[in-house]
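In what follows, a single structure is set out as structure tokens and then discussed.
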Amino acid sequence: MEGDNHVEVVVGADGAIDLYVSDAIRTPIPPKDVSGTITIEPKGKGEKQTLTLAPNEAKGSLSAKGPAPDNGDYTWDLKVRGAPMKMTLTVPAKGTAAFADAAADHHPAGDHAHGSPHGGVVQSLAGGHVEVKLEKTGDITVWMLDSAEKPRSAKGVTASLRPVVAGAKETQLAYDEKADVLRGKIDPLKQDHVDGVLSITPAGGTATSLRFAFHLEGHAGHDHAGHDHAGH
């Protein structure tokens, strides 16, 4: 998610690329209303290349054909009804389907039940987890956690949070060296249920956006992780 728009990226093992774009409430945006490119930057051998995305009305996607994926960075640069949207995803050798395989291997029951070391909401992030706590006062705290949900340093991490509320602005979070966390503050919240989009770049890592559902009436600590979008 970026701004009020979402993009779902599907990269096949054969190199086929499909991007599905939708608005803030997940209504599909017609491919004719979106234009842009996708740049593939291999981690190892191979040259960086930029492909123009073409509308595929049959699929309802923007599509291109690239090389077979091999743990490279895929950066899409779009204009969605005039609004810019640019993000990067590292795609493993088997394509995006490998993410589902990895999740199933890590959690055979298919349900990743996160803990909540500090009473916030926890989601998986490359190399571990991230925990976010949003309070009705508007105070935001972000902890970096390892794979076992134990604290790890937040030094060098950059992040911002935008509540999915009409008129809300993105708030840059600052590193608190003493507590080794990221902090920020937005206007006090009147709602008991608020979604927020965390844009986060781990130290030396790749920018990622995660959507969190915050329940502020005393039910913090449950994992309401991410998008419940039916995948392509």
Side-chain angles (χ1 to χ4, degrees), residues 1-7 24 73 75 85-90 99 102-103 106-107 111-229:
M1 184 178 186
E2 185 172 354
D4 287 328
N5 297 316
H6 297 79
V7 62
D73 287 340
T75 300
M85 190 175 192
K86 185 174 183 178
M87 297 179 73
T88 299
L89 176 70
T90 300
F99 292 126
H106 188 50
H107 303 283
D111 180 18
H112 188 167
H114 294 113
S116 180
H118 308 92
V121 183
V122 177
Q123 285 202 47
S124 298
L125 187 66
H129 300 83
V130 59
E131 180 179 4
V132 183
K133 188 173 185 179
L134 175 63
E135 302 178 62
K136 273 210 164 183
T137 57
D139 289 291
I140 305 162
T141 309
V142 174
W143 294 266
M144 301 301 292
L145 308 173
D146 63 17
S147 58
E149 297 184 11
K150 301 297 183 183
R152 60 172 173 161
S153 180
K155 188 173 184 178
V157 178
T158 59
S160 60
L161 184 82
R162 184 181 68 83
V164 185
V165 176
K169 296 182 179 180
E170 194 161 17
T171 297
Q172 193 68 34
L173 306 180
Y175 178 58
D176 180 337
E177 185 173 4
K178 185 175 180 180
D180 199 11
V181 298
L182 301 174
R183 296 190 189 277
K185 189 173 178 64
I186 59 175
D187 292 335
L189 296 163
K190 297 178 181 179
Q191 303 93 327
D192 285 334
H193 305 272
V194 177
D195 278 15
V197 176
L198 179 74
S199 299
I200 184 166
T201 305
T206 302
T208 302
S209 288
L210 299 170
R211 184 168 177 142
F212 290 78
F214 300 101
H215 293 244
L216 308 177
E217 73 282 70
H219 297 291
H222 297 284
D223 178 27
H224 304 277
H227 305 291
D228 53 0
H229 188 232

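As the structure is a prediction and not an experimental result, all values here were calculated from the model.
Partners of D180 according to the salt bridge (charged side-chain N to carboxylate O under 4.0 Å, His left out) rule, which considers only residues two or more places apart in sequence or in another chain, do not exist here. Scanning for side chain to side chain donor-acceptor pair (under 3.5 Å) contacts around S160 gives E170, with sequence neighbours left out. Partners of V181 according to the side-chain contact (heavy atoms from CB on, under 4.5 Å) rule, which considers only residues two or more places apart in sequence or in another chain, are T141, W143, D176, A179, R183. For the side chain to side chain donor-acceptor pair (under 3.5 Å) test, residues two or more places apart in sequence or in another chain that qualify with T75 are T88. Among residues two or more places apart in sequence or in another chain, the salt bridge (charged side-chain N to carboxylate O under 4.0 Å, His left out) test is passed with D146 by none. Residues satisfying the salt bridge (charged side-chain N to carboxylate O under 4.0 Å, His left out) criterion with D139, sequence neighbours excluded, are K185. Residues that satisfy the side chain to side chain donor-acceptor pair (under 3.5 Å) test with T201, not counting sequence neighbours, are absent from this structure.
Nearest heavy atom pair, residue A213 against residue V121, reads O-CG2, 3.8 Å. Pairing each heavy atom of L145 with each of P117, the nearest pair is CD1-CG, 4.1 Å. Across all their heavy atoms, A203 and V157 have their closest contact at N-CG2, 4.0 Å. Considering all non-hydrogen atoms of both residues, S209 and V197 come closest at CB-CG1, 4.3 Å.
Taking CE from M144 and CZ from R152, the interatomic distance works out to 4.5 Å, rounded to the nearest 0.5 Å. Once rounded to the nearest 0.5 Å, the distance linking CD1 of I140 with CZ of F214 reads 8.0 Å. With rounding to the nearest 0.5 angstrom, the OG1 atom of T90 is 4.0 Å from the CG atom of D73. If you take CG on L198 and CG on L182, they are separated by 8.5 Å, rounding to the nearest 0.5 Å. One finds the CZ atom of F212 at 11.0 Å from the CG atom of L134 (value rounded to the nearest 0.5 Å). With rounding to the nearest 0.5 angstrom, the OG atom of S199 is 12.0 Å from the CZ atom of R211.
Inter-residue side-chain proximity for V130 and I200 is flagged as met; some heavy-atom pair is nearer than 4.5 Å. Contact of the Y175 side chain with the S153 side chain is registered, since non-hydrogen atoms from C-beta on lie closer than 4.5 Å. Side-chain contact between P163 and I186: present, with at least one pair of heavy atoms (C-beta onward) separated by less than 4.5 Å. A 4.5 Å side-chain heavy-atom check between E135 and L189 finds every atom pair outside the cut-off. Residues V122 and E149 are in side-chain contact: their nearest non-hydrogen atoms beyond the backbone lie under 4.5 Å apart.
No donor-acceptor distance shorter than 3.5 angstrom exists from the side chain of R162 to the backbone of K169, with no hydrogens or angles considered. E131 places no side-chain N or O within donor-acceptor distance of the main-chain N or O of Q123, the cut-off being under 3.5 Å. For Q172 (side chain) and A159 (main-chain N/O), a donor-acceptor pair under 3.5 Å exists by modelled atom type.
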